[in-house]
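Here's the structure we're looking at; comments come further down.
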Amino acid sequence: MDHRTIIEPFKIKVVEPLPMRTRGERERLLAAAGYNLFNVPAKDVTFDFLTDSGTTAMSAAQWSAMMIADESYAGSRSFERFEATVKAITGYPHVIPTHQGRAAERLLFSALISPGALVPSNNHFDTTRANIEQLGGVAVDLVIAAARDPQDRHPFKGNIDLGRLDSFCDANKGRIPLGMLTITNNTGGGQPVSLENIRAAAAIYKKHGIPFVLDACRFAENAWFIKRREPGQGDRSVHDIATDVFATADGCLMSAKKDGMVNIGGFIALAADTWVEKLRAMLILTEGFPTYGGLAARDLEALALGLDEALDERYLAYREGVSRYVADGLNKLGVPTVQPPGGHAVYIDARALMPHIPPDQFPAQALACELYRAEGVRGCEIGSVMFGKTVEGRFHPAPLELVRLAFPRRVYTQAHIDYILEGVGEIAAEAHRLRGLRIVHEPPFLRHFTARFAPI
Ligand code: F0G
């Protein structure tokens, strides 16, 4: 029989109690947190969808490998195992461990970027952009136009606009120390990039003599979408597809907190040795010796297995199934989401759900608070709190008002999702009554983490 239900492809060996609070308790917690979910203690969150980063449940195999880790300062066996896995998947011979993705960004960029440098990509993630800008560079987003329309169902909405990329490289000769692509495209909604687009972008970078570096933190999910959606790729293994993707580039930056299936870790991997000596010298200065780079050997052991577990196709089918199930469930209740659902998250379109709340009253923040108040769900506002600006008294809204629900890997079950969806029906029916928020305190930058709000 062909089953319709996509099951969790694991049995559960270790459990943790699910925090449960009453609606009244959550109302008080919200007020105390200044209506900012970053200020709510995790012990008071029932379903934590703030991020898929570092929130993975590890496998029994990973936990047992951690016990046999070799914590030697130099030349540890655990490093050898980690390095062998990274080499087998990426094909890159030079592997430099770091404690997480942004450490890899800072290390690579500080070797390559000087003031005035330009770095194109489909979309840069916040920390990638910030690390480029901090060195005086400019991070340039060249994603295709379809990415800006939440209802456009383009199967590879993370693709870079090849025409714009080529003319951008032409117009800025000598100013581009590296070109990038983020797979999957987190900032653009967790959308994949096709193999065809990756190859074409690589050819453009090559033609212009620009090194090409992948931001590969969700490489396994991206390879899975290539297998599922790209003509001619359906019969290939995701491992082979992933290896093909890495072969197009000169190297990658990796936050292993995503498709590394671990709670901490990252790396840089490179095809050529040109930058390696400089990077290792800097690594010793800021992260640690090149065979541990800011990690414990037990983290390297977990990562050596986790990178392969992320490429398991039953796991990836379930992973895709989670976001599709949540998105379909929300859509049936009249809650619009960015289409198609991404790999690691579902993005609710708060502006479409609550057109009566203007952007300067932060509809996505108001909805994120309501999801917590009613259901104990913690999502993340990606709208005018995060990206809106007031310049000389004039408010400039973000292009979209979204609430991101990002799914920790192997943590919640379908029963959890069904429970949440029951309550969302009520929120959707009463959405026209929800009111916006105003800011009562904001820090000078990155305000979404610490700003405080009051209901209007
Ligand atoms: N690149 C991308 C595409 C990311 O999504 C992240 C982190 C990073 C780099 C930085 O990695 O956190 O290990 O330093 N994204 C998390 C998120 C924080 O919630 O999407 P890091």
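Order of appearance sets the numbers: ligands from 1, and atoms from 1 within every ligand. Fair warning: this is a prediction, and the values are worked out from it, not measured in the lab.
Among protein residues, Thr51, Ser53, Gln100, Gly101, Arg102, Glu105, Phe125, Thr127, Thr182, Asn186, Asp215, Cys217, Arg218, Ser255, Lys257, Lys258, Arg404 come within 4.0 Å of ligand 1, judged on heavy atoms.
Looking only at distances, a side-chain donor or acceptor of Asp259 sits under 3.5 Å from a matching main-chain atom of Glu221.
Note: Tyr92 and Phe246 have perpendicular aromatic rings, judged against thresholds of 30 and 60 degrees for the angle between ring planes. Under the 30°/60° scheme for interplanar angles, the aromatic rings of His416 and Tyr412 are found to stand perpendicular. The aromatic rings of Phe79 and Phe82 lie tilted to each other, with the angle between the two planes from 30° to 60°. Between Phe47 and Tyr419, the angle of the ring planes lies from 30° to 60°, which puts this pair in the tilted group.
Scored by the side chain to side chain contact (heavy atoms under 4.5 Å, CB included) test, Pro340 finds Lys157, Gln191, Arg229 as partners (sequence neighbours excluded).
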